[in-house]
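Everything on this sheet refers to the single structure shown next.
Note on naming: letters A, B, ... go to the chains in the order of the sequence lines (proteins, then strands), and numbering restarts at 1 for each one.
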Number of protein chains: 2
Amino acid sequence: MSERNTGPGALEATDRAILRELARDGRCSFTELAERVGLSVSAVHQRVRRLEQRGALQGYTAKVDGEQIGLPLTAFISLTPIDPAAPDDYPQRLQHLPEIESCYSVAGDESYILQVRVASPLGLEDLLRQIREAAKVSTRTTVVLSTPFENRPPAI
Amino acid sequence: MSERNTGPGALEATDRAILRELARDGRCSFTELAERVGLSVSAVHQRVRRLEQRGALQGYTAKVDGEQIGLPLTAFISLTPIDPAAPDDYPQRLQHLPEIESCYSVAGDESYILQVRVASPLGLEDLLRQIREAAKVSTRTTVVLSTPFENRPPAI
DNA sequence: TCTGAAAGTCACGAAGG
DNA sequence: CCTTCGTGACTTTCAGA
């Protein structure tokens, strides 16, 4: 009974509706979810479990204000390998640094872009030194001044 | 060593513990939260409500697999104003585009960095046209090839 | 894959120290 | 700011269509 109109492995309308609601409110109750998508609570429950198993739902997180936890400074750091022939294991070399929130492998001038959160300019300086040492890369840093919006739920 | 968050408006250890757990598991029950931080369920409940009111907790979201919802292509787009004297209202001009997940005002060569998610290269091309038209900016795009890790919970 | 019901667990507010 | 307590709501499982 699977629909193949939208491509292999595609999700049908009800599953997308569930993902949309959970992306908007990650703590939405099953009861409320059921009302919104027009199914029984049990059916929604089964679908959510299936979406989790399938990897369509990759977890739930609270958005925390960086300023209030003492990490007011966000920056993007572009990495360029010093030795172009070195093995490409940068993510593994960097994942132990908790200040690095995200790591993207990219096409373009640089090889990776990191998104980081630190307490201060001094903390950023220290982090940059650790990154260069751990990964043998040169870095280019872009400091975030403000964040008009962030991690908005995608249009599902 | 000096504590990170000792200034006015700082959060104490229990509140930080709550934020840490909710950042790790946004659907964590109050009961489990209470066990982890060593308080009664009601006390945790009160603290969470206070953290929400205070803005330290800015919401809860499910992480959704971009590929499975038909948005497999992520990119960063740097914006440079065409007219340097134009009013700086770019976020307002761009927020109606749902493909734009995040918008950062930055120091450096560019004025803004956008993080976007689209269905295909054609979708990216179309989005770039809309961004240029809406904001009167020139753009520089960096396509994400893979994401070793993303939105890891900060070290609270 | 759905529904409805049963049983256990949890959320949430009240009252009080 | 904490605790305990009570009630209503919610989660979770299961049998059956």
Side-chain angles (χ1 to χ4, degrees), chain A residues 1-65 67-70 153 156, chain B residues 3-65 67-70 153 156:
Chain A
M1 205 87 75
S2 45
E3 307 192 352
R4 299 290 180 225
N5 300 338
T6 21
L11 296 168
E12 56 159 336
T14 304
D15 283 330
R16 288 208 304 271
I18 289 172
L19 293 179
R20 188 192 320 123
E21 293 305 322
L22 284 176
R24 216 180 45 81
D25 176 10
R27 278 182 87 82
C28 185
S29 72
F30 287 99
T31 304
E32 198 178 330
L33 220 46
E35 288 171 8
R36 288 195 214 261
V37 307
L39 275 185
S40 71
V41 175
S42 304
V44 169
H45 195 266
Q46 290 170 357
R47 278 173 181 264
V48 169
R49 294 287 169 256
R50 189 168 0 104
L51 288 167
E52 287 172 348
Q53 273 192 300
R54 215 180 142 159
L57 274 169
Q58 300 177 319
Y60 307 90
T61 71
K63 293 191 224 172
V64 174
D65 181 2
E67 307 219 351
Q68 297 202 36
I69 58 171
I156 303 178
Chain B
E3 292 276 330
R4 190 169 65 213
N5 214 0
T6 45
L11 296 169
E12 55 160 337
T14 304
D15 283 330
R16 288 209 304 270
I18 289 172
L19 294 179
R20 188 192 321 123
E21 294 305 321
L22 284 176
R24 216 180 46 82
D25 175 11
R27 277 183 88 82
C28 185
S29 73
F30 287 98
T31 303
E32 198 179 331
L33 220 45
E35 288 171 8
R36 288 195 213 261
V37 307
L39 275 186
S40 72
V41 176
S42 296
V44 169
H45 197 266
Q46 290 168 2
R47 277 172 181 263
V48 169
R49 294 286 169 258
R50 192 168 357 105
L51 288 167
E52 287 172 349
Q53 273 193 301
R54 218 181 138 156
L57 274 170
Q58 299 178 319
Y60 308 89
T61 72
K63 293 192 225 172
V64 175
D65 181 3
E67 308 219 348
Q68 297 201 38
I69 57 172
I156 304 176

Exercise. Mind checking the CG-CZ spacing from A/Asp15 to A/Arg47? Nearest 0.5 Å is all I need.
Key: 4.5 Å
Quiz item: Side chain of A/Ala43: nearest nucleotide among D/dT12, C/dC10, C/dC2?
Solution: C/dC2
Quiz item: Of the nucleotides D/dT11, C/dT1, D/dT3, which has the atom closest to the B/Leu39 side chain?
Solution: D/dT3
Exercise. Would you indicate, yes or no, if D/dT11 has its OP1 or OP2 atom less than 4.0 angstrom from a side-chain nitrogen or oxygen of A/His45?
Key: no
Quiz item: When you measure from the side chain of B/Ser42, which nucleotide among C/dA11, D/dT11, C/dA14 comes out closest?
Solution: C/dA14
Quiz item: Does NZ or CZ of A/Arg49 come closer than 6.0 Å to the centre of the six-membered ring of A/Phe30, within 45° of the ring's axis?
Solution: no
Quiz item: Under 3.5 Å, is there a donor-acceptor pair between the side chain of B/Arg16 and the main chain of A/Ile69?
Solution: no
Quiz item: Once you round it to whole Å, what is the distance between C1' of C/dA11 and CG of B/Leu33?
Solution: 13 Å
Practice problem: Could you check whether B/Ser29 gets within reach of a base, just the sugar-phosphate, or nothing at all, counting any heavy atom under 4.0 Å? | Solution: sugar-phosphate
Practice problem: Could you give me the CA-CA distance, side-chain angles and deciding distance for A/Glu52 and A/Val48, then say whether side-chain contact (heavy atoms from CB on, under 4.5 Å) is met? | Solution: CA-CA 6 Å; A/Glu52 287 172 348; A/Val48 169; 3.7 Å; yes
Self-check item: Distance below 4.0 Å between A/Arg49 side-chain N/O and D/dT11 OP1 or OP2
Solution: no
Quiz item: So does B/Arg47 get a side-chain nitrogen or oxygen closer than 4.0 Å to the phosphate oxygens (OP1/OP2) of D/dC2?
Solution: yes
Quiz item: Between D/dT12 atom P and B/Glu32 atom CD, what is the distance in whole Å?
Solution: 11 Å
Exercise. Tell me which nucleotide among D/dC2, D/dT12, C/dT1 gets nearest to the side chain of A/Phe30.
Key: D/dT12
